[in-house]
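None of these values were measured; they are calculated from a predicted model. Naming: A, B, ... by sequence-line order, numbering from 1 per chain.
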Amino acid sequence: MKVRTRFAPSPTGYLHIGGARTALFSWLYAKKMGGDFILRIEDTDRERSTQASVDAIMDGMKWLDLDFDEGPIYQTDRFDRYKEVIQQLLDQGDAYHCYCSKEELETLRDSQWAAKQKPRYDARCFGREDIPEGIEPVVRFRNPQDGTVIFDDQVRGHIEISNNELDDLIIARSDGTPTYNLTVVVDDLDMEITHVIRGDDHINNTPRQINIIRALGKEPPIYAHVPMILGDDGKRLSKRHGAVGVMQYRDDGYLPDAVINYLVRLGWSHGDQEVFSREEMQQLFLLDDVNKSASTFNTEKLQWLNQHYIKEMPVDEVAKHLQWHFDDQDIDVTNGPATTEVIDALKERAKTLKELTASARYFYMDFDAYDEKAEKKQFKEPTVAILQALYDGLSEVNEWDLEPIHAVIVQTCEDLDLKLGKVGPPLRVAVTGTAMSPSLDVTLKLIGKERSLRRINNAIAYLKDKFA
RNA sequence: GUCCCCAUCGUCUAGCGGUUAGGACAUUGCCCUUUCACGGCAGUAACCGGGGUUCAAGUCCCCGUGGGGACGCCA
């Protein structure tokens, strides 16, 4: 049988990092097994579902390059089908109408809580003869009273839960719309999902869902509950942990491949290997190798991977992702060096594309102030003479390239009888405004002759004025 | 509170009865170096506790403890 997995987010916000990993695992498993990956939008809660969220989720999937074979399928398009199943359950006697008010249920829960019991609906409407006037009832699934539900989770192993822990859950609201536990079951069955890979916050729902499936006379799919991702404080990842929306990682300068690689190693491993291409992941991913325990998100490791990908990916590939950041930081790259050259020059000193872009600024735009510390350290009174000598030497260079530029710098050192350490740093500050840049020949080459000379000149003027 | 789940360096993890408990990120030191980085080398650092089972336990079982999750006319 062909493997079919799915990712089934509810559109109540952006695609967050935990959801992305669940999607990744489902996607990988389908790829690994030569199966299909389906995207389903669980939008039965019409109050909270929004089109904007659907778009955000799709954007996230697209950015991460997690493609799906079918979908997106919207549950709101399938209400007729759910109604049909609810009716079937009603007809079979596996479901019943419940007329309890929300207040009544709340009182029940409170009293059970007070009695230190697990809050459960007491099935008081089951078999009820009198039909109250003017109340639109909900429909409840009649959960089996005895026995246990057993399933073998592909990551958690054998799980067993007694039916008397479960209660008669609502499968249709009073307005007739179906609820989650019903719709997942119907959809997974109808779409012939073979492996349900989802967050382990659903582990408690699984027995209920299995009972519904059995009542429908079907066999449940295989389940794999993947552990949660926690924030630095050990709590479930949420907004207060900062960047949790996948697109925020793009904005912060991460490469999708780095995020994917980071995510795949959170809860899954293959020996000691840390770096995986998408092809390798698809080839090696096994549910058996997924961890049982929750893991903590660690931005530093993500950064390390991100830099790794910035360094290792083909430059023109990186350049595609980089353009967004140039636009974001209002840097016009049309009158400066090719971005691919800039990447080569800076990739070893940036952990993110955002940083890389920021430090590439002086290649394209003039700065209006020197870095305070750098200026203080490098711009002394004798610096004027050094810069002047460099200016003179550099203006003689015809072929503006690494070798000739380097030669001038070396020659200047000799002429002035100074060490490179006295000549290089001030030049760097003059030409970039900062104390940090790639090696000087590369820096000058990329800035360009005309622009370099002008900046040196400016620095000389600035210094003369300063020490006048 | 009740039920479910989880537990190896600070973090991600390897380990599937016998290991000097391995790797990676981070961190520390050294080397390289015109800056910042990259890189190289070295180091610090872990089996939650208690009982069993066994010749032998990080590995299996039980009990604690700690953490997470679920307990909705949310998904």
| task | Side-chain contact test, heavy atoms from C-beta onward, threshold under 4.5 Å: evaluate it for Thr179(A) versus Leu169(A) and give yes or no. | result |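 Counting from C-beta outward, Thr179(A) and Leu169(A) never come under 4.5 Å.
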| query | Using the purine O4'-C1'-N9-C4 or pyrimidine O4'-C1'-N1-C2 torsion, is C71(B) syn (within 90° of 0) or anti? | reply |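 It is anti.
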Could you check which of [options] has an atom nearest any side-chain atom of [X]?
X: Asn291(A); options: C3(B), A14(B), U35(B); answer: A14(B)
X: Met228(A); options: A26(B), C73(B), G69(B); answer: G69(B)
X: Ser293(A); options: C25(B), G1(B), C6(B); answer: C6(B)
X: Ser439(A); options: U35(B), A24(B), C3(B); answer: U35(B)
X: Met436(A); options: C25(B), U34(B), C36(B); answer: C36(B)
X: Asp201(A); options: A14(B), C38(B), G69(B); answer: G69(B)
X: Thr296(A); options: U11(B), C73(B), G23(B); answer: U11(B)
X: Glu300(A); options: A26(B), C73(B), C4(B); answer: A26(B)
X: Leu440(A); options: A75(B), U34(B), A24(B); answer: U34(B)
X: Asn204(A); options: C25(B), G72(B), G69(B); answer: G69(B)

Hey, is [X] close enough to [Y] for a salt bridge, meaning N to O under 4.0 Å?
X: Asp167(A); Y: Arg208(A); value: yes
X: Arg109(A); Y: Glu106(A); value: no
X: Arg6(A); Y: Asp187(A); value: no

Taking atom [atom1] in both [N] and [M], what distance in whole Å separates the two?
N: C9(B); M: A45(B); atom1: C1'; result: 5 Å
N: A14(B); M: C48(B); atom1: P; result: 14 Å
N: A42(B); M: C32(B); atom1: C1'; result: 15 Å
N: U27(B); M: A46(B); atom1: C1'; result: 15 Å
N: C60(B); M: C5(B); atom1: P; result: 16 Å
N: A75(B); M: G66(B); atom1: C1'; result: 29 Å
N: U44(B); M: C62(B); atom1: P; result: 37 Å
N: G49(B); M: G58(B); atom1: P; result: 10 Å

Within the pair [X] and [N], is there a side-chain N or O less than 4.0 Å away from OP1 or OP2?
X: Arg428(A); N: U34(B); result: no
X: Ser162(A); N: C3(B); result: no
X: Thr179(A); N: C73(B); result: no
X: Lys311(A); N: G39(B); result: yes

Determine whether any donor atom in the side chain of [X] lies under 3.5 Å from an acceptor atom in the base of [N], or the reverse, and answer yes or no.
X: Gln273(A); N: G23(B); answer: no
X: Ser295(A); N: C12(B); answer: no
X: Arg156(A); N: C5(B); answer: no
X: Asn205(A); N: A75(B); answer: yes
X: Asp200(A); N: G69(B); answer: no

| Donor + acceptor pair across side chains of Thr443(A), Ser437(A) (<3.5 Å) |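 Yes, because at least one side-chain N or O of Thr443(A) sits under 3.5 Å from a partner of the opposite role on Ser437(A).
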Tell which nucleotide pairs with [N], taking only Watson-Crick or G-U wobble pairs whose two distances are both under 3.5 angstrom.
N: C30(B); value: G40(B)
N: C3(B); value: G69(B)
N: U35(B); value: none
N: G18(B); value: C55(B)
N: C25(B); value: G10(B)

So [X], base contact, sugar-phosphate only, or nothing? Heavy-atom distance under 4.0 Å.
X: Glu165(A); answer: sugar-phosphate
X: Arg109(A); answer: sugar-phosphate
X: Trp113(A); answer: base
X: Lys301(A); answer: base
X: Gly199(A); answer: nothing
X: His202(A); answer: base

| Taking the nucleotide of RNA chain B with the closest heavy atom to each, which residue, Pro9(A) or Gln117(A), is nearer the 5' end? |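 On the 5' side of the pair lies Gln117(A).
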| query | Taking for each residue the nucleotide of RNA chain B with the nearest heavy atom, is it Lys347(A) or Arg48(A) whose nucleotide lies nearer the 5' end? | reply |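 Result: Lys347(A).
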| query | What is the ring orientation for Phe285(A) with Tyr29(A), classed by angle as parallel under 30°, tilted 30 to 60°, or perpendicular over 60°? | reply |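 Phe285(A) and Tyr29(A): perpendicular rings.
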| Backbone N/O of Gly253(A) and side chain of Thr352(A): donor-acceptor pair under 3.5 Å |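 Absent.
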| task | Please check if the distance between the ring centroids of Phe379(A) and Tyr370(A) is under 6.0 Å. | result |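 That pair passes the under 6.0 Å test.
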| field | Integer-rounded Å distance: G39(B) P and Arg349(A) CZ | value |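 Atom CZ in Arg349(A) sits about 12 Å away from atom P in G39(B).
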